[in-house]
Enquirer: 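Got a structure for you, written out below as structure tokens; questions coming shortly.
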Protein chains: 2
Amino acid sequence: MTAESPSQKGGTVGKAMEVLDCVARFGQPVRFSQILEVSHFPKPTLYRLVRTLADLGMLDHDADKDTYMPGRRLLKLAHVAWAQFSLASIARPHIDRLGQQVSETIHLAQLDQGQVLYVDKRNGRDPVEMYSQAGKVGPTYCTGVGKAMLAFLTPEEQERVIALQSFHRFTPHTLVTPEALRARLETIRAQGYALDEEEHETGIICIAMPVLNGSGRVLGSVSITDTVLRTTWAALKEKLPLLRETVERIGHDAQDWHYPGI
Amino acid sequence: MTAESPSQKGGTVGKAMEVLDCVARFGQPVRFSQILEVSHFPKPTLYRLVRTLADLGMLDHDADKDTYMPGRRLLKLAHVAWAQFSLASIARPHIDRLGQQVSETIHLAQLDQGQVLYVDKRNGRDPVEMYSQAGKVGPTYCTGVGKAMLAFLTPEEQERVIALQSFHRFTPHTLVTPEALRARLETIRAQGYALDEEEHETGIICIAMPVLNGSGRVLGSVSITDTVLRTTWAALKEKLPLLRETVERIGHDAQDWHYPGI
DNA sequence: ATTTTAGTTTCATTATTTGAGACTAAATGA
DNA sequence: TCATTTAGTCTCAAATAATGAAACTAAAAT
């Protein structure tokens, strides 16, 4: 009747997905009572939702400790999602190639609801952390990949995304106002690439460039990351031509693919 | 009333997950009518489910081509699932280590509903195909990782899993009867490791060993894979001590972790 | 032995899902 | 051009499933 609001639209399925998010947000196995605390559902309702999700394999239930965590079925579904995820699959060979040319860490990201969604990663030097990035989300206003995309959106899109940012100060270098960010975006747009000057994590710097299709539409972005201990800005910027070549090739291959929303 | 059967239990949420599976099974963006063909739901019901899932981000909708595919939200959820996925996270450092010691491809797998679920992969030689495995499922009866696990289950569990196998002949070497498989499993149990002698894919061979906890319970398995063009059985079997060391270390670290079901 | 806490079940009420059929728009064909 | 098929969307009364206050159980904690 009256305009409801909580957070999510949708009926029963939407509620179930909310529960899934709740559990995922913990980042560790949780008990039913813990989910109850953070969710706004009445106890029996939540109980049934959790059980249903567990029965369906969307949550895994550890019977011993009586805890829940995101289920294996998600892994299988995400495997398919990733494999057909247009930009990731189109970009793969080019990201591979760049990975062989440079020894630094490479990220491929897209915008998703104002946030950066990492969809691929290569780890030149260390073979660690393989799966750790794809599917991860991060802030847009203080990462190289985020700013690179933001800078090349249309003014309207740009404002819409800026309005979604939280402007949390991660480091002393984080840009924490829309004004500061807008000014920086102008520079980025002018020079064609973005830098992350330890804005998200102290000691971590990167160069990033947007992936644009023929019409100049932002599809995603690619970054090369390293630490201040291992590299210098001069050395990192030497990779710009390789990075440019990579994003151009991806943009070319993704010509007629259009990005689903911002 | 009468015993229903179709496939899935569950109410509305279960149906929605069924639709998700349907879409995933295609392995490519699909139109509504294609989903309609393979699903057993009436048109308007399916329509609403698909729309709901798309609204929730579980499916991505390409408005131009009017196609659906598994959504980005799944990627985010699976990212968390994988990160806390006990065996994968416990095993990670050990798999990393093995990856540095050998140049072949390494897989970490678990059993999930009678199938092999790959949860991690390292690709020694080529940096390609990074994401392509975790979340992937495969047959148990004709892969190294599958047979290694199967051989060390209790007899009851073993029979339960064997009953779930389809025994499709992938290559001339595939074992296609329960009897042949049982005989092979006995050998595997005796010698402590499993081989894949081109049973799943011609030209691909591997050695695999189960990850067991202190009580001898199967938690998963690890394999080292190569092609017949690049290696010989003698060369591959030389890696057995490294493999044994790896699975023992994982088993040790996973001591009190108990595997969720078979 | 008593109280508290965490998980589970019940069941009448309520809200959502259901699906035959109707409708629209666009593509196909004669 | 106009009929015809096809793909997608909408409607609404009927059928069904979800809801949640309250009660219950089991196991800790006091």
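Small disclaimer: the values here were computed from a predicted structure and weren't measured. A note on names: the letters A, B, ... follow the listed sequences, proteins ahead of strands, and every chain is numbered from 1.
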Enquirer: Heavy atoms under 4.0 Å is the rule here; annotate nucleotides 5-14 of chain C 5' to 3' with B where the base is hit, S where only the sugar-phosphate is, and - elsewhere.
Expert: --BBB-----
Enquirer: Kindly say if T45(B) contacts the phosphate of dG19(C), meaning a side-chain N or O under 4.0 Å from OP1 or OP2.
Expert: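 Looking at the OP1 and OP2 atoms of dG19(C), one of them is under 4.0 Å from a side-chain N or O of T45(B).
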Enquirer: Do the ring planes of Y68(B) and H61(B) sit parallel (below 30°), tilted (30 to 60°) or perpendicular (above 60°)?
Expert: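 Ring orientation, 0 to 90° scale: parallel.
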Enquirer: Evaluate E37(B) against R31(B) for side chain to side chain contact (heavy atoms under 4.5 Å, CB included), listing each step before the verdict.
Expert: CA-CA 10 Å; E37(B) 273 169 31; R31(B) 302 193 71 97; over 6 Å; no
Enquirer: Applying side-chain hydrogen bond (donor to acceptor under 3.5 Å, both in side chains), can you list everything that pairs with R51(B), at least two apart in sequence or on another chain?
Expert: Y47(B)
Enquirer: Would you check if S221(A) and F152(A) make a side-chain contact, meaning some heavy-atom pair closer than 4.5 Å?
Expert: no
Enquirer: Flag the pair P70(B) / Q84(A) as yes when at least one side-chain heavy-atom distance between them is below 4.5 Å, and no otherwise.
Expert: yes
Enquirer: To the nearest angstrom, how far is L49(B) atom CG from dT18(C) atom C1'?
Expert: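 L49(B) atom CG is separated from dT18(C) atom C1' by 10 Å.
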Enquirer: Mind checking the CH2-CZ spacing from W82(A) to R72(B)? Nearest 0.5 Å is all I need.
Expert: 16.0 Å
Enquirer: Is the backbone of A91(A) close enough, under 3.5 Å, to the side chain of R249(A) for a donor and an acceptor to pair up by distance?
Expert: no
Enquirer: The helix from dA1(C)-dT30(D) to dA30(C)-dT1(D): angle between its terminal axes, five pairs each, to 10°?
Expert: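 Answer for the end axes of this duplex: 30°.
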Enquirer: What is the distance, to the nearest angstrom, from the CG atom on D55(B) to the C1' atom on dT9(D)?
Expert: 14 Å
Enquirer: Identify, with sequence neighbours excluded, every residue that meets side-chain contact (heavy atoms from CB on, under 4.5 Å) alongside L185(B).
Expert: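 K147(B), L150(B), A151(B), Q158(B), I162(B), L181(B), I188(B).
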Enquirer: Which letters describe nucleotides 24-30 of chain D, given B = protein heavy atom under 4.0 Å from base, S = only from sugar-phosphate, - = neither?
Expert: -------
Enquirer: Atom CG of L46(A) to atom P of dG20(D): distance rounded to whole Å?
Expert: 11 Å
Enquirer: First locate atom CG of D21(A), then atom CE of M17(A), and finally report the distance between them rounded to the nearest 0.5 Å.
Expert: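 If we round to the nearest 0.5 Å, D21(A):CG and M17(A):CE are 9.0 Å apart.
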Enquirer: How far does CG of L75(B) sit from NE2 of H79(A), to the nearest 0.5 angstrom?
Expert: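 Taking CG in L75(B) and NE2 in H79(A), the distance rounds to 11.5 Å.
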Enquirer: Once you round it to whole Å, what is the distance between P of dA15(C) and CZ of F41(A)?
Expert: 16 Å
Enquirer: Which residues pass the ring-ring contact (aromatic ring centres under 6.0 Å, His included) test with Y141(A), not counting sequence neighbours?
Expert: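 ring-ring contact (aromatic ring centres under 6.0 Å, His included) check on Y141(A) returns F167(A).
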